[in-house]
Every structure is written in structure tokens, then in C-alpha cells.
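Okay, structure first, notes after.
Naming: A, B, ... by sequence-line order, numbering from 1 per chain.
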Amino acid sequence: MSSLLSIKQLSVVLQNSTILSKLDLSLAQGEILGLVGASGCGKTTLLNTIAGFLKPSQGVIDIDGNIIVDESRYLAAEKRHIGVIFQDYALFPHLTVKANVAFGISHLPKTEQNQRIEQLLAILKLSELSESHIHQLSGGQQQRVAIARALAPQPKLLLLDEPFSNIDARLRNELMLEIRQLLKQVNTTAIFVTHNKDEVFTFADKMAVMAEGKLLQFDSPATICQQPNSYQVADFLQLGSWLPCQLSNNEVKTLLGVLPYNNEQSLLGEGEHKYSLLVKPSQLNLQSDSVKVNAQVEYVSVTEQGYHYHFSSLVDGDLSFTKLSLYSEEVLELKQQVELSINSHTPLVYGIG
Amino acid sequence: MIALNNSKTWTFFSFLIALVLIVPVLVMLVGGVNASTELFSHLWQTVLPTYLKNTLFLGCLVVVLSLFFGVSSAAIITYTNIVFKKQLRWLLMLPLAMPAYLIAYIYTDLFDYAGPVQRSLRAWFNWQSPNDYWFFDIRTLPGAAVMLALVLFPYIYMLTRGAFEQQDQNLIRASRTLGFSLRQSFFRVALPLARPAIAVAASLVLMETLADFATVQYFSVNTLTTAIYDTWLGYGDLAAANALASVLMLLILFVVLAEQKSRAGLRHQSTRPSFTRELIQLSITQQLFASILCWSLVILGFLLPFVLLISMALEYSTAAQLTVLLETGVNSIKIAVIAATITVILALFFGLYQRLHQHKYRAIPQQLSGLGYAVPGTVLAMALLSTFGPIDHWLNSLLEQFGLPEPGLILSGTLFAIIFAFVVRFSAVANGTIVSGIKQIPHSLDYAPATLGAGLKRTLFKVHLPLLTPAIMVAWLLVFVEAMKELPAVLLLRPFNFETLSSQIYQLISDEMLEQGALGAILIVVFGLLPIVLLNTKKETS
């Protein structure tokens, strides 16, 4: 599939501080990318650079075969045909819903304008609100207007900056599914920024994890969750607990048992001497009546998946652990001692220093 | 939340004082409405149409000019890369400190037939008489409009610039992603969004213009204010003056209502702070035009007249003038201090009543007390004369009946009337500052003292008033400065042989002798600068 968006070696330096560093990214027509990362990692800067609000210090941005930014070219925001949905929606409060949607297509003949507006308002269930002013709408309705306005000029690429952060939690999932369906319907490529990995799973086809201005991993959400390529990615996405381990003779040794390890699948960096095994709650076994106890309960909370426990190891040493997470229907008391063991699985071991 | 207090005394006095402040204007309006139809028909057949026409034409001209000066300079400062932007940003506010009648005098002096400009032109081109060339006459209605616009445009500049700076920059970005350049986005988004602020500022300019007396009087342009003054002081006809004042008051009410109606559907000021703003990059020619516009406004509205005043003061000041200046200065300061203190105390009284009392209509006293700001000084003076005059006469005849000595005009003929007028006129200024100070205090602090055993008095003196100290100081200073500058009310209400700085300067201007009082004029301007510096410092800090 040919790329609609291609970013190569993109760097942004603001006030002598590198915000984006040599970033590479490409997206196919109609793909939706979810961009996640901690606050200040450069997500919004990347969006602003693609939109044309920030000038990169180096790199190339190519949209649909046309270079919009490189060493000699810098296309102004208004000429890029990129739609943006801002976190606060940035709707024009002095205009009605219809006038907001019409804003970007005022150069078209009136009949075509009306046709496009009516179509979008119908898809987004806003037809009855077309003459309303923005302050008369709910948060969800405002978001739909922002989407209609951004889609009206039929942009090649749509950028969404934390679009669901202002939406009530109950409505959020429903809206995400609706918008995803709409974007797929009009075959629009989109990038959206979020803090919430669950939003990526619901909304995106691809996922990119950023940290300190760099792209750590770029793949499908499922692949990233199954095979996070670094300790940072796994830790940021909170894919499981960390269990200290030792590597020897194709084996991973932990306090909770030994697993076979294939060096060819190594995710370790050079010079690392401390290792941790990523353990998902489902990979742990709990035996509360065992005599071979090796862990004790440090924390209990009630969740919809059952009781959520944190365990610490009973012995100190290089392999001891302090916060191993596990869900169970079984009722345990604080400081109760139990036996934990690991299910057989392909281990994900990361160097942590 | 439940309000803290239920004191009936507080309610009684709040409503009573607010009513007392506003009653004179009501008395005047009732008097005006009840004036004989004969009187109105006489006025209508003689002078009223001209006065009305002049007043309205002047108002429109000043608003149009001020809008052009104010909106364009605000746009240039906020949205372009004009050179010396940082300096121009505050310099453009300075003309507000310059009374219009002062620049009217200075520019007349500069541009009339005997002035240095025409003298130099005649010398250069060897013209012998006015028939040899054309030169504009500044002492006309358009001339008065230019003078007023040069000192009133900063209202529009400041409010519009504030609106531009508060706008969410994402709106401009959104417009750009929809295909419009920064310049187009300014006209399609930023300017329409600033409309409420521009409307407020324009109505302020219009009200100030309708209230102006000294400039139009000096330029012999007959407007309603000059007519009121002449009818009362020239012909002693209180009823006719009252009727004219009522017409002017109705005009002002119309402006206030129109402004509020125009804003009703435009509740859309941004609530998000703005961040890095992209600037329109001006070409060299555009830089030149933008700079000429902004610097002309600063120079013509403030720097040139101020420098000329200083040079007059250096050339003509004498020891005798200093003695007179000291005397009138002390008079001005005395009444301004008393008025500012009373006004701030009342503003606190009303503001805290609104905040802490549980009365259903607790906001009314403050709203009533703020209405006076819309009443021009001339109208207010007429209102006080028509209210206090009869009370004085009644008091005198009452005391006479009891065989007691007559006290004279203790209300309408003493400083009481001027101070009362200042309190009515400037309550809105103090109210605004005190209310915004009160809003800064979290509501939890109204309740916390009670949980620690403190009563209302202790809560007020130990919590609210200490927290309000900065607001109290700012409010006091603003009212003090306004009172120092106020002229029309002083002219009509001052006791015999009592002069303030402003009335003395006006007298000297009327006698074409400003040179003798240049030092006093500089003092008025310097006092006028105080709130501008204060507001600017506050804005920069926030």
C-alpha cells in the first residue's frame, strides 16, 4: 500500500531544546494512527508540525506524494489541506453550527456547499442543530461540529489532538466507535493524540509510542501489546508487572520459577546488567493454601475483574520483587503469605540498566 | 451555598443610600418629563433641533474616528511585527490622560491664523492675507470631533487589544487549517470575535462625547451640554436647563440600552488563555504606514501637547501663579480625597452586602449606585441643583418660621453638592474594582471564620478587608484621579470664589490664557497618567 503520509528524519528544536528528534513515520490512505506517550514527549509538537503551526529544524514531510516540508520548501498551514480537531474544538462562537461547517468551503458554489454541509450534518446527527450557536450545544455535539467542520473541505489528512479528553466517560466509547466508522466511511487518514492507551485500542489501526521526542515503537496496537520493543514502551503502556530475573544457559531464572529463553528473541540492549521479566496478571498462578510460600499480600482493592492484589517477595536479594500485580476471585488478607508461580510462556525480558 | 448574614439594618441602609444617590437624577427626569409642553415647544422651535443635530453628529464622528484609531492600532500591536511594538503598546494608552479641552486649546493656539504654523507658512510662501491661501479651521464641529477622538480612542484601543489578546489562538489556527491565511483569519475570526469589546468601548466613547462640555464650549459648538450650561448660568432658567438635561439623559440611556442589546447575542469571549501568537509579517511599506499611524496617535494625542505644556510652563510660570496653583491644588486634593474615601467606603458597603447577605435582591443597591457613571457631569449638576435647591429653601423657611437664623444654601451652595456629585458619578469605578477584588476571595473564606467561632464583624475586619486592601487602594486612587479631573459638575456646583485645578484651567482657557496655568494643566495630566501606569503595571504582572 502506498503511503499517504511520510515523515523522514523530522526534528524540531524550540528555544535550544530538542522537542522532536529524527522521527520517521508513514501512514497508508485511510489508516488511523494513535499517538501515545507521557506528557511533554512531543506528541502535540508532532501534530503542530504536520499541521504547519511549527517549523521543523530538519526533515521531510510528504503528503500524498507532494513534499510540504523539506530543506527548501515550507508550505503554509492554510495550503496543506490538513484538517485539525483541537482539544477544545476551537469552534467559532460567533457563528452557527452551519456557518462553522461552511467556513472552510466558502470558495465552493453555494449548492455544492449546502450539499456537503447537509450530508455531513446528517451523518453526524446535527441536522436539527444547524442554526444553533455553539454555546447552546453539549460537549459531544460540539465535538461532532468540530469533526464536520474539519471534514467539510475533504482534507487529505485529519489530525485530532486529544479529541476525547473533554467527553464524559460514558459517551466516550460510543463516540469513538461512531467517529472511527465515519473516518472509515470517507476513507480519511487520521492521526490522533491521546494519553489513554485504551482509546488507541478502540479507535486506531496503528499505534505509535513516543518518549522524549523519539518514536519508540510503531506498529499495530495488538503487536505492540504482545511484543513491546523496550522496557519504556512496556512500562508506559502498563502491560504487566516487573519481575527481576537472571539469564543463564538459555533460561530465565526468577523467584517464582524458571522459563526457557531464546537469545535470538533478545530485547536486551548492550551493556545492560539488570534484567526484568514482564509478567502479565494472567501469567501468574496463586496458591493460598500452599506450604511453600514465597510472597505476601501488600495491597488489596476491589475491581470489576475481581480482587486486585500487589505482592512482595518474602526473601531479599537480587531477584526479590515488591509490586507484583494479580487479579483473583479469592479473598486474601493483608500480609497473608501465599505461593506464586509463573505459567509457561515465551518470556519477555528487558534490560533495565 | 447559604449566605452568611441576615441583618435588616444592613439591608435598610444599603437600599436607602443607593436610593439617595440616584434620587436626584430621578427628580430631574420627572421634572424634565413634567416640564410644560409650552417650554418644550419653545425649545423645539428655537434651539433644540440644532443642539440635538450637533450632539448626534459630534457623537457619530467621534465614534467613527475613535473606532478607526483604536481598532487599527490594537490590531497592529497584537497581530503584526511592527517595530517598537513593546513601547507603542503602552504609549498608545497615554492620550487618555490628556483632557480634550487642553489639546483643543493647544492645537487652536498652534493652527489658528496667528499661530506658529500659519505664521511660518505665510513667511515661507510670502502670503499676505487669508485670501491668499486655504487653511483648515480647527474651531469647528469636525475639529472638536478630532480633538475628542485623539484622547478617547485609547478606550477602544485598550478594550479591543485586551479582547484580541484573550482570544484562543486555536481559533486562528483552525481558520488556517480551513484554508485562510493569517491576514484573512484576522478579518474572518479575530475581528468578529472582538465585537462585544469594541461595542462596549464605542459606547464608552459615545458617552464621554455626549458628556463633554469644555471642548465644545471652547470651540463654540452648540451641543446639549453647552446649552444646559448657558441656559442655567447665562439665563438662570432652571426649568429649561432641566428639560435639556433630561433630553441628554434620555440619549445616554438610549446608548446604554443599545449597547447592551447589541451585546446580548454575543456571549463568546474566550475562556482559555492565549498562547504563542503568530504575527502578520509586514512588508517595508506596510511597516511604514503602520508606524506612521501609531506614532501619529501617540504624538498628536499626548507627546506634542505635553511637550508644549512643559515649554509653556517653563516660559511663563511665576511665583504668583505658584501660590494660586497651590491654593487651587489643595482645594482639588481636598474634595478628591473626601470623595474617594466616601465612594470606596460605599463600594465596600454595597459589595460586601451583595457577597455576604442573603437578601433576594442584594445586588440591587450596588447596581443602583453604579448608574451614576452614565450621567454626564452637567446633567448630574442640574439634577443636584433641582433636588437640593428646593430642600435648602424649605429648610431656610422652616427655620425662619421658628425664628432661627437661616443657614443659607447648605446643600446646594457648599462643597457638599460637589462631593455628592463625585460620589454618584464615580461609584461605578469603585464598585468595579471592589467587586473584582471580592470575586478573588474564595467563597470558602466566607464560611471558614464562622467554623472557628468568628462573627461577621471579625470576619470582615480580619479576613475580607485585609484581603481587599490592594483593591481598596486601586479603587481609591482611580476615584481620586477622576475627581481631580472632573470639570462640568465643578463648574456648575462650586460655591462662590471656590476654584479647583480643573475649573481654574478651564477659566484660563476660556480667557485664552492657558500659559498662565500650564503648570496646573501638567499636574492634571500627570494625575491622569497614574491610573494608566497602574493598570498597565497590573496587566503586565498578571
Side-chain angles (χ1 to χ4, degrees), chain A residues 14-15 44-45 47-48 50-55 75-96 99-108 132-137 142 145-162 166, chain B residues 71 75 79-81 159-160 162-200 259 261-283:
Chain A
L14 295 174
Q15 291 163 342
T44 302
T45 303
L47 237 55
N48 284 338
I50 298 172
F53 305 141
L54 277 178
K55 207 168 184 174
L75 205 62
E78 59 269 24
K79 293 179 179 155
R80 294 190 180 192
H81 300 293
I82 295 176
V84 179
I85 294 173
F86 296 86
Q87 192 176 357
D88 63 348
Y89 312 135
L91 294 170
F92 304 126
H94 59 303
L95 302 179
T96 60
N100 261 282
V101 181
F103 193 93
I105 49 173
S106 55
H107 57 282
L108 296 178
S132 303
H133 272 88
I134 301 307
H135 64 86
Q136 297 170 308
L137 308 182
Q142 288 187 12
V145 178
I147 293 164
R149 185 182 70 178
L151 289 178
Q154 297 176 341
K156 291 176 181 164
L157 175 66
L158 186 65
L159 306 177
L160 305 95
D161 188 3
E162 301 197 32
N166 294 334
Chain B
V71 175
Y79 274 101
T80 75
N81 63 336
L159 289 175
T160 311
F164 284 153
E165 287 174 347
Q166 285 298 309
Q167 280 170 2
D168 182 355
Q169 286 308 292
N170 269 350
L171 294 172
I172 299 289
R173 289 179 161 189
S175 165
R176 296 196 62 201
T177 64
L178 294 164
F180 295 98
S181 68
L182 198 52
R183 210 174 288 247
Q184 289 168 318
S185 301
F186 169 78
F187 285 105
R188 291 181 64 108
V189 178
L191 198 56
L193 279 174
R195 260 172 58 200
I198 295 173
V200 173
E259 183 269 317
K261 195 168 186 316
S262 75
R263 268 195 305 156
L266 296 167
R267 288 176 288 133
H268 50 62
Q269 280 301 309
S270 163
T271 49
R272 277 166 59 93
S274 60
F275 50 93
T276 324
R277 187 185 314 280
E278 280 185 89
L279 298 177
I280 297 171
Q281 303 297 314
L282 300 177
S283 66

Between A/Phe86, A/Phe92, A/Tyr89, which is the residue that forms a side-chain contact (heavy atoms from CB on, under 4.5 Å) with B/Leu171? A/Phe92

Check each of A/Val84, A/Asp161, A/Asp88 against B/Asn170 using the side-chain contact (heavy atoms from CB on, under 4.5 Å) test, and report the only one that passes. A/Asp88

Give, as side chain, backbone, both or neither, the part of B/Ser185 having an atom under 4.5 angstrom from any heavy atom of chain A. neither

At their closest point, which heavy atom of A/His94 faces which heavy atom of B/Pro192, and how far apart are they? CD2-CB, 3.3 Å

Portion of B/Ile172 that has a non-hydrogen atom of chain A nearer than 4.5 angstrom: neither

NE2/A/His81 to OG1/B/Thr177 distance, rounded to the nearest 0.5 angstrom? 11.5 Å

Does some side-chain heavy atom of A/Asn48 sit less than 4.5 Å from a side-chain heavy atom of B/Arg173? yes

Taking only residues two or more places apart in sequence or in another chain, which ones pass side-chain hydrogen bond (donor to acceptor under 3.5 Å, both in side chains) with A/Ser106? none

Set of residues satisfying side-chain hydrogen bond (donor to acceptor under 3.5 Å, both in side chains) with respect to A/Gln136, sequence neighbours excluded: none

Shortest non-hydrogen contact between A/Phe103 and B/Phe180, atoms and distance: O-CE1, 3.1 Å

I need the residue from A/Arg149, A/Arg80, A/Glu78, A/His107 with the largest number of non-hydrogen atom pairs under 4.5 Å to chain B. A/Glu78

With a 4.5 angstrom heavy-atom cut-off, could you sort out which part of A/Leu91 is near chain B: side chain, backbone, both or neither? backbone

Nearest heavy-atom neighbours spanning A/Ala90 and B/Ala174: O-CB, 3.9 Å

